[in-house]
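Written below as structure tokens is the structure these notes are about.
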Number of protein chains: 2
Amino acid sequence: MTWTDFFPELKRLPEPSLSIVERAGRVVSLPAGAIVFGPGQPPQNYLLLIKGTVRVHQLSEAGREIVLYRVAAGESCAMTTACLIGDEVYQAEGVAETPIEAVVLPRAAFDEAISKSAEFRRFVFAALSSRMTNLFKLIEEVAFSRIDIRLAQRLLDLAGDNDRVAMTHQQLASELGTAREVISRQLTEFQRRGWVATARGELTIVDAAALRQLINAR
Amino acid sequence: MTWTDFFPELKRLPEPSLSIVERAGRVVSLPAGAIVFGPGQPPQNYLLLIKGTVRVHQLSEAGREIVLYRVAAGESCAMTTACLIGDEVYQAEGVAETPIEAVVLPRAAFDEAISKSAEFRRFVFAALSSRMTNLFKLIEEVAFSRIDIRLAQRLLDLAGDNDRVAMTHQQLASELGTAREVISRQLTEFQRRGWVATARGELTIVDAAALRQLINAR
DNA sequence: AGCTGACCGTGACATGATCACAGACGCGGC
DNA sequence: GCCGCGTCTGTGATCATGTCACGGTCAGCT
């Protein structure tokens, strides 16, 4: 079994493209918390995530941060792709949120596959454009959405089936690019209304319907 | 003379790619104020601007807007490219700020040129990735920058050699995704400090150095 | 001159960010 | 258990920004 088993679109690549990427790509593992890439670095490899998730966030000078997007298993990293193509350095940081396994495909092989395979191009650029779409949405949210609505949305996104979010207020603030105090106050209010239950470093969604209603109210 | 004269990178395309795009691309003109594309529309053509500028901005439900980027002569439109590749509809609006001339290249010819020419690909995707880089910067600014600094930056950007910006406060507010009143107050303050002179529908930068210093102060 | 619509100024208030600080909790060491 | 320490959370004060309401001013038109 080879790593392309994790990427159906790539598995269907015609030869010789399939062989190129299969042979050039190496699988690496990183522990949770590892910094996958950081601002100022030039990308050397195309990245494909097999297992785990990577959080990509931007850091401000003042020490605040905002999550730009997450890379899930089976996806590629948009910022890496953009920087590779445009020959630029990373502007954001990528952090392994869980232990991860990823394929690193060296630039040369990436370029070769791009030029030789229409299917590979489609895979790469469809992912890129879909992420771009997300970024436009993010800009709209940051510029125009109220913080309580953004928090409610994010809590629903982050909660698993057990409606639990194991994050500190500071981490939630970093998700949305705001300050911890703002999150604390909003959560206090959510709790007062019986929508969530909070505990140190974690929180439980009690009334998901109410949160959804808040989101749709405007 | 053909329209590719306006795009040095394309002019250097090897045959047959050059002929493909030259023959498939039609030059169109639009008056200032024309809506080039709008939210919900599917893109049918790749766009290359020959003359004038197009402003691409996102509209919020509440009627506020923010300028995502401008397409200058000699450039392509990133949102169009992304939507074409990813087969999605536009999420933002493109407006001709001046009378414009543009090349529209139908999807089929675009796809063909992409698959046949490495140079064309480089042209298209380098533009896309560079715009993506801009978007990350925009997110950082919206999320973390003070409005006075963002306004100062934008004024310097918008001012021509004569240090004049012919826009209303409302238009400036739309540039930055904020409200008119906020701009009015900031400009009043800038004027009080002797940095700008304001008039109805226009403004003159008096002390560009002071504005630059404000920007660099933090 | 008088009308009209766009443009601008401003006060009052709501929301969000920043600063300062204190209390609560969890965990390791004893 | 208990202590000590670092992290996490709560809260008031204040500032920055956004929203609402309204009135005044200006340019262009008849």
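Chain A is the first sequence line, chain B the second, and so forth, proteins listed ahead of strands; every chain is numbered from 1. From a predicted model like this one, the values you see are computed outputs, not experimental measurements.
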If the plane angle is over 60° it's perpendicular, under 30° parallel, otherwise tilted; pick one for B:F120 and B:Y46.
perpendicular
Measure the distance from CG on B:L172 to C1' on C:dC8 and round it to the nearest whole Å.
13 Å
Considering every strand and a 4.0 Å limit on heavy-atom distances, what is the contact class for A:A199: base, sugar-phosphate, or nothing?
sugar-phosphate
Where the side chain of A:R154 meets the backbone of A:L176, is there a donor-acceptor pair that is under 3.5 Å apart?
no
Would you mind reporting whether B:M79 and B:Y69 have side-chain heavy atoms less than 4.5 Å apart?
yes
B:M167 CE to C:dA6 P, straight-line distance once rounded to whole Å:
18 Å
Atom CD1 of A:I183 and atom P of D:dC8 are separated, to the nearest Å, by 15 Å
Who are the salt bridge (charged side-chain N to carboxylate O under 4.0 Å, His left out) partners of B:R64, not counting sequence neighbours?
none
Is any side-chain N of the basic residue among A:R193 and A:E189 closer than 4.0 Å to the acidic one's carboxylate O?
yes
Quick one: does any side-chain atom of B:R107 pair with a main-chain N or O of B:L84 as donor and acceptor, under 3.5 Å?
yes
Mark yes or no for whether B:S174, through its side chain, and B:E65, through its backbone, hold a donor-acceptor pair below 3.5 Å.
no
Shorter than 3.5 Å, N or O on both sides, protein versus nucleotides 26-28 of chain D: list them out with atom names.
unit_1	atom_1	unit_2	atom_2	d
D:dC26	O2	B:R200	NH2	2.9

Whole angstrom value for the distance that separates P of C:dG9 from CZ of B:R192:
15 Å
Reading 5' to 3' through nucleotides 10-20 of chain D, protein heavy-atom contacts under 4.0 Å coded B for base, S for sugar-phosphate only, - for none:
BBBB--SSBBB
A:K11, NZ: over 12 other non-hydrogen atoms inside 6.0 angstrom
yes
Nearest whole Å is fine: how far is C:dC8 C1' from B:Q171 CD?
14 Å
